[in-house]
Amino acid sequence: MDSSLHEVWQAAAGSPFLPTVGKGTQFLVAFVLLLSGLAATGVFALNRSLVNLTVIGIPASLAIAFGVVYMFCAVGVYV
């Protein structure tokens with residue numbers, strides 16, 4: 001942990017950041033996540049139980065949350 005900031009900067013210059021979802025496909029990924037989250041929420045609303053909460057409800061809410069974040073990133077609004 002004795003590296004200077006300059007050494008860390010030089011080491012990072014050799015490995016550029018490549019995001020998992022490219023800038024051109026963020027809107028598509030966000031749209032798919034939002035649609036799948038809304039569909040899963042509808043399925044969960046039809047049959048609410050403790051098992052369906054863990055299998056359908058939580059992934060649906062995560063899909064909606066990540067979809068909203070990607071949607072903001074795709075249109076250029078960063079939270």
### Message
Quick check: closest heavy atoms across Ala63 and Gly37, and the distance to 0.1 Å?
### Response
CB-CA, 3.9 Å
### Task
Determine the minimum heavy-atom distance between Ala30 and Gly67, stating which atoms define it.
CB-O, 3.4 Å
## Note on the structure
side-chain contact (heavy atoms from CB on, under 4.5 Å) filter on Leu34, not counting sequence neighbours, yields Ile64, Val68, Met71
### Query
Should Leu62 and Leu33 be counted in the same cluster of Ile, Leu, Val, Met, Phe, Trp and Tyr side chains packed under 4.5 Å apart?
yes
## Note on the structure
Thr25 meets the side-chain contact (heavy atoms from CB on, under 4.5 Å) criterion, sequence neighbours left out, with Val21
### Query
Quick one: do Phe27 and Leu38 end up in the same hydrophobic cluster if we chain Ile, Leu, Val, Met, Phe, Trp and Tyr together by side-chain heavy atoms under 4.5 Å apart?
yes
#### Entry: Shared hydrophobic cluster, Leu35 / Phe72 (ILVMFWY, side-chain heavy atoms < 4.5 Å)
no
### Query
Do the side chains of Ile56 and Leu53 join up, straight or via other hydrophobic residues, at under 4.5 Å, putting them in one cluster?
yes
### Message
Let me check something: do Val55 and Leu50 share a hydrophobic cluster, defined by ILVMFWY side-chain heavy atoms less than 4.5 Å apart, either directly or through other members?
### Response
yes
## Note on the structure
Value for CZ (Phe44) from CG (Leu46), rounded to nearest 0.5 Å, stands at 10.5 Å
### Task
Examine distances only and state if a side-chain atom of Asn52 and a backbone atom of Asn47 form a donor-acceptor pair shorter than 3.5 Å.
yes
### Query
Could you give the distance from CZ (Phe66) to OG (Ser61), rounded to the nearest 0.5 Å?
10.0 Å
